Amino acid sequence: MISENIYELMLNQVNAELNASYLYLSMAAYFENKNLRGLAKWMRKQSEEEREHAMKFYDYLVTVGKKVVLKAIPDPKTEWSSVMEVWQDTLNHEKKVTNMINNIMKQAIEDNDYASINFLNWFVDEQIEEVTTAEEIIAKFEMIGDSKQGLYLLDKELGERKED
Ligand code: FEO
């Protein structure tokens, strides 16, 4: 059994992960519109991954006998001033999600809720990976600066993303 606090935090997290999925899909649409198909493909994969994250929380709540209550997802941002701004938003969003995961973990520790701690450990590791990936991509965009050729090559490279 999970506490009411954990229940509320996890319901919010289902919403936050779906919100992230929607935001990344909006970023994909932005790239698509600029003929940056590789970057769009990367973002579409990321959007799918965020939906899977939401479903992990959904399934966990079902497993512990709690009803999943869905909340509204706000309109996502649809315009960015540059490609770099999209990646900075991605990094900021992942940092925000990391704080949310840490906050749920803090509550699970306070509750001595070992099952939830075990479940959340996967997300702690995942967030390290997601923040690092966003930082690495930003570093690559910083490297190419305004080079059109660099953008072409990065679009190609990121479009080859295979893993989730
Ligand atoms: Fe589900 Fe990218 O955090």
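In each ligand, atom 1 is the first atom listed, and ligand 1 is the first ligand listed. Bear in mind the structure is a predicted one, so any value in this text is a computation, not a measurement. The figures here come from the full heavy-atom set of this structure, side chains too, leaving out hydrogens, waters and symmetry mates.
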Novice: Restricting to N, O or S atoms, which atom of H53 is closest to atom 1 (Fe) of ligand 1?
Specialist: ND1

Novice: What is the OE2(E94)-atom 2 (Fe) of ligand 1-OE1(E130) angle, to the nearest 10 degrees?
Specialist: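 If I round to 10°, I get 100°.
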
Novice: Tell me which N, O or S atom of E17 sits nearest to atom 1 (Fe) of ligand 1.
Specialist: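 The closest N, O or S atom of E17 to atom 1 (Fe) of ligand 1 is OE1.
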
Novice: Kindly say whether the aromatic ring centers of W80 and W87 come within a distance under 6.0 Å.
Specialist: no

Novice: So which of R44, R161, K56 actually passes salt bridge (Lys or Arg N to Asp or Glu O under 4.0 Å) with E49?
Specialist: R161

Novice: With respect to atom 2 (Fe) of ligand 1, what is the nearest N, O or S atom of E50?
Specialist: OE2

Novice: Hey, are K66 and E4 close enough for a salt bridge, meaning a charged N less than 4.0 Å from a carboxylate O?
Specialist: yes

Novice: Is a salt bridge present between K77 and D89, judged by a nitrogen-to-oxygen distance below 4.0 Å?
Specialist: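 Salt bridge present between K77 and D89.
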
